[in-house]
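Notes follow once the structure below has been shown.
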Amino acid sequence: MVKTIRLTTAQALVRFLNNQYVEFDKKENRMFKGIFTIFGHGNVVGLGQALEENPGKLIVHQGRNEQGMAHAAMGYAKQKMRKQMYACTSSVGPGAANMVTAAATATANCIPVLFLPGDVYATRQPDPVLQQIEQPTNLSISTNDAFKAVSKYWDRITRPEQLMTAMINAMRVLTDPADTGAVTIALPQDVEGEAYDYPEYFFQKRVHRIDRRPPTAEMIEEAVNIIRLKKKPIIICGGGVKYSEAGETLKKFAHKYNIPFGETQAGRGLILSNDTMNLGGIGETGGMAANEIAKQADLVIGIGTRYTDFTTSSKWLFQNTEVSYLNINVSEFHAYKLDGVQMIADARVALEEIDKELNNLGGYISGYTDEIEMAKEKFSSEIDRLYNIKYTGKNFVPEVADNFDREKVYKEFHNITGSYLTQSRALGVLNDFMKKNYVVVGASGSLPGDLQRAWRVKEVNSYHVEYGFSCMGYEVNAALGVKMAEPEKEVYAFVGDGSYMMLHSELPTSIQEHKKINVILFDNMTFGCINNLEIGHGMGSFGTEFRFRNKETGKLDGEMVPVDFAMNAASYGCKTYKVTTDEELEHALVDAKKQKVSTLIDIKVLPKTMAHGYGDWWRVGVAEVSDNSRIKEAYTQNSRKLKEARPY
């Protein structure tokens with residue numbers, strides 16, 4: 001007879017999570033480090049009771065905002081190479097809805113996070129309950145149905161015994177390298193407290209092995225054949241290389257066969273920037289070196305990349321008429337993109353197998369001579385130039401020299417802030433300062449572009465940028481998760497003023513948990529990258545600068561709105577600094593490193609002084625009809641570029 005144990009649904013869930021393990025390359029660790037919580041009536045007396053009574057080894061953290069705490073969970077899992085993760089629980093209604101954005105961010109980036117939102121009553125007896133949305137045509141719908149569109153697996157537990165199959169499937173998806181992302185298990189608040197006689201074997205130790213999928217012999221043969229036919233291949237190093245832990249394998253492969261590589265945001269930081277085959281960032285926010293070589297490449301070897309529009313410059317970047325694509329990816333879906341030759345396999349195993357077969361056939365060497373070295377040297381000089389740009393007065397021309405009144409804007413900015421510091425100069429000071437034992441976190445605005453183009457990576461796995469969803473508000477909150485994953489390192493969240501105001505809820509949580517993070521805040525009083533986008537496509541500065549409403553015009557074109565971000569962070573208990581010069585920034589960085597509490601450096605940087613594009617194009621939906629001649633010209637240019645791009 002099967003032995004059973006009587007537990008509530010919530011108690012069974014907690015016990016189950018405590019007994020899940022991950023194994024990768026024969027290394028085993030507990031799958032769940034803990035759970036982030038914000039309790040409400042939908043989860044506190046159910047899942048909350050289970051966690052209070054017997055959390056097992058799960059560490060329970062108190063979040064400040066449901067989206068923010070879930071970003072912290074994602075930051076942790078990403079920094080842990082998807083080998084360990086957190087669960088997140090919220091109450092029903094707005095608490096659950098707040099987590100939808102974070103679930104989308106996790107799924108877009110293929111990062112495992114388990115979402116456990118409370119739900120309305122399965123019995124429906126007390127309906128409508130507090131925070132319940134009633135859909136008159138379907139009473140089974142709740143806020144949690146919104147997770148369906150952004151989850152890789154979704155289920156609702158309407159009876160206690162359903163928990164068993166639901167959680168086994170949840171683990172299957174969370175540990176699937178080809179299809180991981182957000183997993184949502186909705187928990188009706190009455191069912192959380194209902195009991196069931198669960199079989200004891202449901203709680204046995206389970207080891208979920210993340211296997212390295214090998215390619216078939218036919219895949220290897222096809223991949224090797226196309227490589228040997230081509231003279232100027234380029235590798236795109238994507239996130240799949242990172243999570244396969246294949247950085248060193250790719251490095252050796254690239255050097256052996258003289259094949260340069262460009263990096264996506266997810267694949268960046270595996271190999272140091274000074275490596276002779278590393279061309280740096282590629283695509284719309286890529287650099288001069290990678291984009292220059294990419295245009296002449298006759299073979300693109302995409303390894304672990306989703307081929308986003310930023311990576312391919314909206315399918316425009318690879319201009320060689322003879323270009324072909326070899327796609328190495330554990331995901332069949334991504335491997336099929338761009339009509340490429342598909343090699344559905346783990347990145348490291350795939351490279352090793354290609355290497356063996358090339359050796360068997362007498363080897364291979366690309367046709368590059370000195371192009372790679374020249375491209376790297378040229379771009380290195382360009383980065384040096386960017387890092388040393390200083391405001392020179394009235395005739396100063398910023399990197400983004402679009403159609404705006406520079407003299408007026410800069411005078412106004414200086415009068416309010418006292419600063420003429422450029423963003424690229426601040427970036428240079430930061431890059432010079434960070435030499436080892438650090439992690440940089442970013443996500444949205446102009447900073448991911450600056451980081452992918454110009455940041456010199458000096459330490460492996462020190463570059464952590466979320467750009468699958470480009471989610472404003474990820475930066476500060478994910479930095480907490482990164483610090484929890486690597487507590488011995490200094491963690492720096494690079495964030496713009498717009499993203500900071502969007503969400504920084506877990507900054508006080510970092511104080512509570514004694515997990516020091518450093519917030520590097522670039523304040524240009526603007527949604528800077530979108531301001532660049534609209535002005536660069538013929539519009540004026542509309543709805544993107546932070547300005548008071550003008551009583552005379554009725555529009556948001558009054559004076560700039562000043563914000564003292566240092567004062568804000570100080571109210572949480574952070575050590576803060578106000579910076580207007582590179583010397584002040586250097587001093588702040590040195591002092592911040594000595595602190596035991598989280599810090600915030602409020603850097604006032606001139607608008608339009610971020611790095612700009614390098615031989616790229618990005619397709620946006622420019623208006624086809626307009627009375628504005630600049631918009632008409634932008635539409636014409638957009639149409640011309642579109643004709644040069646690959647249609648699918």
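One is the number of the first residue; the rest follow in order along the sequence.
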Requested in this report: Tell me, with the steps shown, if Tyr325 and Lys337 meet side chain to side chain donor-acceptor pair (under 3.5 Å).
Outcome: CA-CA 9 Å; Tyr325 298 84; Lys337 291 178 177 177; over 6 Å; no

Report task. Decide side-chain contact (heavy atoms from CB on, under 4.5 Å) for His504 and Val519; before the verdict, give the C-alpha distance in whole Å, the side-chain angles of both, and the deciding distance to 0.1 Å. Result -> CA-CA 10 Å; His504 61 269; Val519 179; over 6 Å; no

Query raised in the report: Given Ser380 and Arg456, is the side chain to side chain donor-acceptor pair (under 3.5 Å) satisfied, shown in steps?
Result: CA-CA 9 Å; Ser380 181; Arg456 286 173 170 143; 3.2 Å; yes

Query raised in the report: After noting the C-alpha distance and the side-chain angles of Ser151 and Thr184, does the key distance pass the side chain to side chain donor-acceptor pair (under 3.5 Å) rule?
Result: CA-CA 6 Å; Ser151 297; Thr184 301; 2.8 Å; yes

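Under 3.5 Å, the side chains of Asn437 and Glu459 contain no donor-acceptor pair of N or O atoms. With 3.5 Å as the limit, one finds a donor-acceptor pair spanning the side chains of Gln79 and Glu486. If you check the side chains of Tyr463 and Gln452, you find no donor sitting under 3.5 Å from an acceptor. For the residue pair Gln67 / Asn98, no side-chain donor-acceptor distance below 3.5 Å is found, with atom types taken as modelled. Ser444 and Glu475 share a side-chain donor-acceptor pair at under 3.5 Å.
In this structure, the ring of Phe527 has its center less than 6.0 angstrom from the ring center of Phe546. Ring-centre distance between His464 and Phe494: not below the 6.0 Å cut-off.
Annotation: the span from Thr180 atom OG1 to Ile111 atom CD1 amounts to 7.5 Å, rounded to 0.5 Å. Atom CG in Leu279 sits 5.5 Å away from atom CD1 in Ile234 (nearest 0.5 Å).
At a threshold of 4.5 Å between non-hydrogen side-chain atoms, the residues Tyr492 and Val439 do not count as touching. Proximity of Thr509 to Ile511: side-chain heavy atoms (C-beta onward) are nowhere separated by under 4.5 Å. Proximity of Phe542 to Asn531: side-chain heavy atoms (C-beta onward) are nowhere separated by under 4.5 Å. At a threshold of 4.5 Å between non-hydrogen side-chain atoms, the residues Ile603 and Leu521 do not count as touching. Contact of the Glu382 side chain with the Tyr614 side chain is registered, since non-hydrogen atoms from C-beta on lie closer than 4.5 Å. Looking only at side-chain heavy atoms (C-beta outward), Met288 and Lys378 come within less than 4.5 Å of each other. Counting heavy atoms from C-beta outward, Ser462 and Val457 have side chains that approach closer than 4.5 Å.
Scanning both residues, Ser314 and Ala645, for their nearest heavy atoms gives O-CB, 3.6 Å. Here the shortest heavy-atom pairing between Phe261 and Asp275 reads CE2-OD2, 4.1 Å. Across all non-hydrogen atoms, the minimal contact from Gly615 to Trp316 is O-CZ3, 3.5 Å. Closest approach of His537 and Ile631 over heavy atoms only: O-CG1, 3.7 Å.
Contacts classified as ring pair (Phe, Tyr, Trp, His ring centres under 6.0 Å) and involving residues 414-453 (residues at least two apart or in different chains) are given here: Tyr391-Tyr420, His414-Tyr420. Applying the ring pair (Phe, Tyr, Trp, His ring centres under 6.0 Å) test to pairs two or more places apart or on separate chains, those with a residue in residues 618-648 are Phe310-Trp618. Legend: salt bridge (charged side-chain N to carboxylate O under 4.0 Å, His left out) pairs involving residues 572-584, not counting sequence neighbours, sorted by first then second residue: Lys390-Asp582, Arg425-Asp582, Asp564-Lys578.
Ring pair Tyr474/His71 is perpendicular by interplanar angle, where above 60° counts as perpendicular and below 30° as parallel.
For Glu552, the CD atom is loosely surrounded, since the number of other residues' heavy atoms within 6.0 Å does not exceed 12.
With sequence neighbours left out, Lys604 forms a salt bridge (Lys or Arg N to Asp or Glu O under 4.0 Å) with Asp523, Asp602. In this structure Asn415 satisfies the side chain to side chain contact (heavy atoms under 4.5 Å, CB included) test together with Lys411, sequence neighbours excluded. In this structure, the side chain to side chain donor-acceptor pair (under 3.5 Å) partners of Asn518, at least two apart in sequence or on a different chain, are Glu490, Thr599.
Note on Glu412 versus Arg547: salt bridge recorded, some NZ/NE/NH1/NH2 to OD/OE distance being below 4.0 Å.
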